[in-house]
Amino acid sequence: MTGVRVAGVGLTHFGSHPERTGRDLFAEAALNARADAGVPLDDVEQLNVGNFAGSLSEGQGHMAPLLAEAAGLDCPATRYEEACASAGVAVREAVRTVRSGEADVVLAGGVERMTNQDTAEATEALAIAADELFEVRAGVTFPAAYALMATAYGEAFGVDEDELKTDLANVASKNHDNAIPNEYAQYQRELSVQEALDAPPVAEPLGLFDCCPITDGASAILLVSEEYAAEHDVSADVAVVGTGQGTDRMALQDRDHLARTPAADDAAAMAYGEAGIDADDVDVAEVHDCFTIAEVLAIESLGLYEPGEGLGAARRGETRADGETPVNLSGGLKAKGHPVGATGGSQIAEMTRLLRGDHPNSDAVEDAEVGVTHNAGGTVASAVVHVLEVAE
């Protein structure tokens, strides 16, 4: 089984690009990844691309061959759909393909075009990642679902609503601070804790700034085998050493509890086991903070905090840029943005840049050797975790 290296990464700016198509966005990210890697397009043997709602937002299914053509690739191409974890799964399968020896060079990533729809249309499209029969028909949207999870968390761990809101506002403020220098981020501006607390409610206890934005964007990761990197003198200083995936029941009503995310627990355990590490070895994390409570649940599933202890981490400064274990130095989904099908690839790209030292926030983790990414689908019915390390 061969080792897997990240040879190059590519991103578009995350934000509102209603005049651009999904294929246009992905082509930019893919060509940026190729340029970063210095690997010829003719050497790419496979394309794995994540996309969630292209059939709704663009009226376009069967996107993989279109995206391959747009990126200038002549190779087998497959679209992966796992809601917000689509790109995470695409990257995971690419890692497994390279490890197996089936291919030496695989391009993986994702794309989503969302802002060409109005808010109601985008909300309706996103809702199909929930259980249509038992949740969507009842009017449950994802802000409401995560509000239920936040309320359950407060009840499970004895946190009153004011404390819960304040700690979640600290998560939002932290991630906005991290996004300020990130040229790819949708919102490069400060957000005070008080501003977050004063925002209009969306679904109690979540307010406007507890929610990630609607976003257009694309991500691309060029993975190569260690043998290919050595033979072609490719600079690839970051390795993917662990990958894991987990699944939970779809509808919240069918779960044993709402204040835990077992799919992410399982994905983390699998990825850590492959990498031969535990949570204490993690220096930096990029996690799926589609809502502020999601970051709290993520850092607990990753084992960075015991259940019930992750809520106050941002307020205490532990997950801030100058904290012991910085979380979401990219700005996270909260401030960098969340083009659903692209997010998992974006996390890998941001972590690679952080570990290579060419991210605007790399100084915060200049001695980091191990990074973890956590990508979730829906209310974490799906989860993908990757462990990246600075290669020896």
Side-chain angles (χ1 to χ4, degrees), residues 13-16 84 112 114-115 118-120 122-123 126-127 140-154 159-182 184-217 285-299 310-321 323 326-340 343 346-347 350 361 374 376 379-380:
H13 176 262
F14 280 16
S16 178
C84 315
E112 208 74 65
M114 302 174 70
T115 67
D118 63 28
T119 300
T123 300
L126 292 168
V140 174
T141 62
F142 280 106
Y146 274 92
L148 290 171
M149 296 168 80
T151 299
Y153 187 99
V159 182
D160 67 40
E161 187 170 291
D162 287 343
E163 182 182 353
L164 179 66
K165 288 183 175 182
T166 298
D167 281 340
L168 294 179
N170 272 273
V171 173
S173 178
K174 167 184 72 72
N175 291 347
H176 272 263
D177 284 347
N178 291 340
I180 291 171
N182 188 351
Y184 297 109
Q186 186 166 359
Y187 294 125
Q188 293 176 265
R189 71 172 185 86
E190 292 183 4
L191 175 74
S192 71
V193 171
Q194 192 60 50
E195 187 179 0
L197 288 170
D198 291 342
V202 173
E204 290 287 359
L206 304 181
L208 179 64
F209 291 119
D210 288 301
C211 312
C212 70
I214 295 169
T215 312
D216 304 323
E286 285 287 319
V287 307
H288 197 97
D289 61 323
C290 48
F291 299 90
T292 50
I293 186 62
E295 175 168 315
V296 176
L297 297 172
I299 61 178
L311 179 63
R315 171 177 48 80
R316 296 189 298 266
E318 297 157 3
T319 55
R320 292 185 178 272
V327 174
N328 284 336
L329 286 173
S330 67
L333 287 61
K334 174 66 203 70
K336 185 188 174 184
H338 182 30
V340 173
T343 289
S346 169
Q347 293 175 323
E350 296 284 18
N361 284 324
H374 160 285
T379 47
V380 203

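What you see is a predicted model; the values in this text were computed from it and never measured.
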### Residue pair R189, E195: steps toward the salt bridge (charged side-chain N to carboxylate O under 4.0 Å, His left out) verdict
CA-CA 12 Å; R189 71 172 185 86; E195 187 179 0; 3.5 Å; yes
### Query
Where do T215 and P213 come nearest, in terms of heavy atoms and distance?
OG1-O, 3.3 Å
### Message
By the definition side-chain contact (heavy atoms from CB on, under 4.5 Å), identify the one residue from N170, V327, N175 that meets it with R320.
### Response
N170
### Message
Restricting to non-hydrogen atoms, name the atom on I180 and the atom on Q188 that form the minimum distance, rounded to 0.1 Å.
### Response
O-NE2, 3.0 Å
### Summary
Between the OH atom in Y153 and the CG atom in L297, the distance rounded to the nearest 0.5 Å is 7.0 Å
### Summary
dist H374:NE2 -> E286:CD (nearest 0.5 Å) comes out at 12.0 Å
### Query
Relative to each other, are the rings of Y187 and H176 parallel, tilted or perpendicular (30° and 60° limits)?
parallel
### Query
Counting only heavy atoms not in E163, do more than 12 sit closer than 6.0 Å to its CD atom?
yes
## Note on the structure
Heavy-atom nearest pair, H288 first then A294, reads O-CB, 3.3 Å
### Query
Would a distance-only check, ignoring hydrogens and angles, find a side-chain to backbone donor-acceptor pair under 3.5 Å from N178 to S330?
no
### Query
Taking NZ, NE, NH1 and NH2 as the nitrogens, is one of them in E295 or K334 under 4.0 Å from a carboxylate oxygen of the other?
no
### Task
Any chance you could measure Q347, atom CD, to L333, atom CG, to the nearest 0.5 Å?
6.5 Å
### Task
Mind listing the closest non-hydrogen atom pair of A172 and F209 along with its distance?
CB-O, 3.3 Å
#### Entry: Trace of the side-chain contact (heavy atoms from CB on, under 4.5 Å) decision for E350 with L329
CA-CA 8 Å; E350 296 284 18; L329 286 173; over 6 Å; no
### Message
Please give me the minimum heavy-atom distance between L126 and F142, naming the atom from each residue.
### Response
O-CE1, 3.0 Å
### Straight-line distance of N361 CG to N328 CG, nearest 0.5 Å
11.0 Å
### Query
Rounded to the nearest 0.5 Å, how far does CG of D210 lie from CD of E204?
9.5 Å
### Query
With respect to I214, which candidate in D118, T115, V340 satisfies the side-chain contact (heavy atoms from CB on, under 4.5 Å) definition?
T115
### Query
Between atom CD of Q194 and atom OG1 of T166, what is the distance when rounded to the nearest 0.5 Å?
8.0 Å
### Query
Passes side-chain contact (heavy atoms from CB on, under 4.5 Å), L168 versus L311? Steps please.
CA-CA 7 Å; L168 294 179; L311 179 63; 3.9 Å; yes
### Task
Could you tell me which non-hydrogen atom of P143 sits nearest to which non-hydrogen atom of A203, and how far apart they are?
O-CB, 3.7 Å
### Message
For E318, is there an ion pair with K174 - N to carboxylate O distance below 4.0 angstrom?
### Response
no
### Query
Going through the checks in order, is the side-chain contact (heavy atoms from CB on, under 4.5 Å) test met by Y146 and V380?
CA-CA 10 Å; Y146 274 92; V380 203; 3.7 Å; yes
### Polar side-chain atom of T123 near backbone of T119 as donor-acceptor pair, under 3.5 Å
yes
### Task
Would you mind reporting whether E190 and D177 have side-chain heavy atoms less than 4.5 Å apart?
yes
